[in-house]
Amino acid sequence: MLQKKICMLGGFAVGKTSLVRRFVQSIFSENYLTTVGVKIDKKSVAFPDKTVDLILWDLAGEDDIGSFRVSYVRGATGLVLVVDGTRPATLAVALTLRERCEAEFGAMPFILLFNKSDLADRWAIPEGEIDELKQRGWQVYLTSALSGEHVDDAFHQLASMVAK
Amino acid sequence: MSSLPKEVRSWIYDFFSNERFAAYLKIDGRQCIKSKGGNLDFYGLSSLRIGEPVSQQLEFMEGLLPCPELPFHMPMMELPGGHVADLHFFGDGDSVWLVFLDATPERNHQQRLQQKAYEMTLLQERERQLNAELQSTNEALRDSQEGLSREYRRAESLLLNILPASIAERLKADEQIADNHAEVSVLFADIVGFTERARSVGATTTLAILNYFFRAADLLSEQHGCEKIKTIGDCVMAVAGLPVARSDHAQALANYALELREAARRERFAGEPLSLRIGIHSGPIVAGVIGKRRFVYDLWGDTVNLAARIQKAAQPDEIRVSDATHELLGPDFACDPLGETELRGTGRVRMWRLRG
């Protein structure tokens with residue numbers, strides 16, 4: 001059985017918990033409930049030749065990056081970096097969290113999600129900035145936990161990356 | 001620890017055991033569960049199987065062992081049963097102990113506080129965003145308002161260049177403009193020998209001549225309360241008594257003519273001054289605007305035609321006025337009689353030369 005630990009990383013209220021709920025249970029709630037500590041969920045992703053069980057660690061988002069407990073990430077084989085597309089400052093938070101994890105545990109596969117793509121009129125990330133990140137060879141997705149847009153695609157991509 | 005009395009040690013044991021629902025697992029070097037105990041029931045973990053790999057039974061254990069940094073503390077993990085535990089790992093030979101301590105009330109308490117703080121922060125961020133949007137919308141609005149009024153002022157000044165102000169106002173109010181004016185004086189003035197001169201001095205000087213002459217005609221019309229109606233080639237047409245009637249229209253236009261002639265004499269082009277031929281006549285006319293997109297304010301009537309013919313009959317440097325104008329001028333203006341002259345289409349007309 002192939003089982004992989006994945007950590008959800010990002011600032012507070014960017015939609016980490018909602019993305020996990022959308023991916024694992026196909027539901028979405030408008031109510032914001034902040035995560036404290038960590039909650040674990042599991043979802044199997046099937047490929048023609050194998051099945052990967054993703055163990056998703058939904059970590060608390062921090063407004064203060066310094067208080068992030070990097071030890072939660074021990075044993076992870078992949079990261080989901082989540083950015084709130086209506087709050088540009090959350091991009092730097094996600095990238096800094098990744099750096100801290102890599103400094104502690106070395107480089108690992110990750111995907112970068114610009115979430116809340118349903119809020120088109122409040123969208124605050126220029127297309128050029130997203131293109132620039134894609135040109136680094138990063139896997140970047142515009143997701144909506146509300147509508148489900150690109151959520152499965154993104155997690156499947158990460159599953160295939162960590163299953164190699 | 002040795003300094004703690006028995007009673008305190010006992011109290012601590014009871015507290016963690018009963019209040020924080022202490023439970024434990026012992027995990028061997030093959031990462032299988034070696035033993036288990038305490039309040040595992042409380043966490044919904046009583047069915048864990050001894051001797052089997054721990055990460056197959058507890059998903060959060062995936063990847064955690066072997067752990068190089070023991071003891072190791074992982075706070076506030078929500079377990080599948082809904083309880084939240086602080087996890088404490090510590091080593092024992094090649095085995096690892098894992099202790100569960102209930103942290104559900106503490107997590108819930110922190111969550112309530114954190115929730116309020118984050119919601120407040122989100123509201124503040126949103127408020128800042130909305131304020132920034134409002135500001136940029138306001139700036140855009142102000143810019144376009146300024147642009148609009150700039151355009152308006154430009155259109156206004158263009159209109160004023162080709163129409164008298166009061167006529168422009170009425171035109172903007174969509175009025176049809178065709179007014180009868182019983183008493184006005186009409187002037188024509190052109191440059192003597194302009195065509196030949198233009199040929200000999202070249203385009204640039206020709207343009208300078210026209211520019212000078214028409215500018216003088218414009219400026220003087222403002223000074224004397226006359227209106228320059230139009231130019232035709234090198235000929236200027238001006239009127240006094242329009243659009244507001246005035247009883248001294250003949251005098252105003254005569255003064256205008258004298259100064260226009262002076263202005264022409266003053267300036268030299270290729271060494272030569274300008275010499276004008278000026279004619280004035282007074283009487284009734286019709287004034288109006290024709291055209292819808294391109295406006296032309298113009299005058300019509302016999303008075304206009306006669307003024308033009310008088311001008312054509314004038315000598316170089318001469319200001320020639322009709323009998324009607326001469327009568328209106330009165331004793332303040334010196335005039336020489338020219339007798340009766342035959343004018344094309346009009347017959348014999350008595351005319352005067354205005355001296356000053």
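Order of the sequence lines sets the chain letters (A, B, ...), proteins ahead of strands, with each chain counted from 1. Predicted model only: the values in this text are computed from it and were never measured.
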Any salt bridge between K5(A) and E62(B), counting N to O under 4.0 Å?
no
With a 3.5 Å distance limit and no angle check, can you tell me whether Q111(B) reaches the backbone of T34(A) through a side-chain donor-acceptor pair?
yes
Determine whether a donor-acceptor pair (N or O, by modelled atom type, separation under 3.5 Å) exists between the side chain of Q129(B) and the backbone of T86(A).
yes
Step by step, would you call R122(A) with R126(B) a side chain to side chain contact (heavy atoms under 4.5 Å, CB included)?
CA-CA 10 Å; R122(A) 285 168 53 185; R126(B) 186 79 188 118; 3.1 Å; yes
For a quick test of reading the model, state the closest non-hydrogen atom pair linking H73(B) to S71(A) and the distance between them.
O-OG, 4.4 Å
G61(A) and Y118(B) have their tightest heavy-atom pair at O-OH, 3.0 Å
For R74(A), is there an ion pair with E69(B) - N to carboxylate O distance below 4.0 angstrom?
yes
Segment of I40(A) engaging chain B (4.5 angstrom heavy-atom cut-off):
both
Spatial distance of atom CZ (F12(A)) from atom CD (Q114(B)) [nearest 0.5 Å]:
8.5 Å
Does atom CZ (R154(B)) have a neighbourhood of more than 12 heavy atoms from anything else shown, all under 6.0 Å?
no
Heavy atoms, side chains only, cut-off 4.5 Å: are V38(A) and F60(B) in contact?
no
Can you tell me if CD on E127(A) sees more than 12 non-hydrogen neighbours from other groups inside 6.0 Å?
no
Closest-packed option against chain A by number of heavy-atom pairs under 4.5 Å, given M76(B), E133(B), Q110(B):
M76(B)
Part of K39(A) lying under 4.5 Å from any heavy atom of chain B:
both
Quick one: do D53(A) and E59(B) satisfy side chain to side chain contact (heavy atoms under 4.5 Å, CB included)? Show the steps, please.
CA-CA 10 Å; D53(A) 285 343; E59(B) 279 137 7; over 6 Å; no
Given Q115(B), R107(B), E78(B), the one that forms side chain to side chain contact (heavy atoms under 4.5 Å, CB included) with V36(A)
R107(B)
If you round to the nearest 0.5 Å, how far is CG of D84(A) from CD of E125(B)?
8.5 Å
Return yes when atom OH of Y13(B) has more than 12 non-hydrogen atoms of other residues, nucleotides or ligands closer than 6.0 Å, and no otherwise.
no
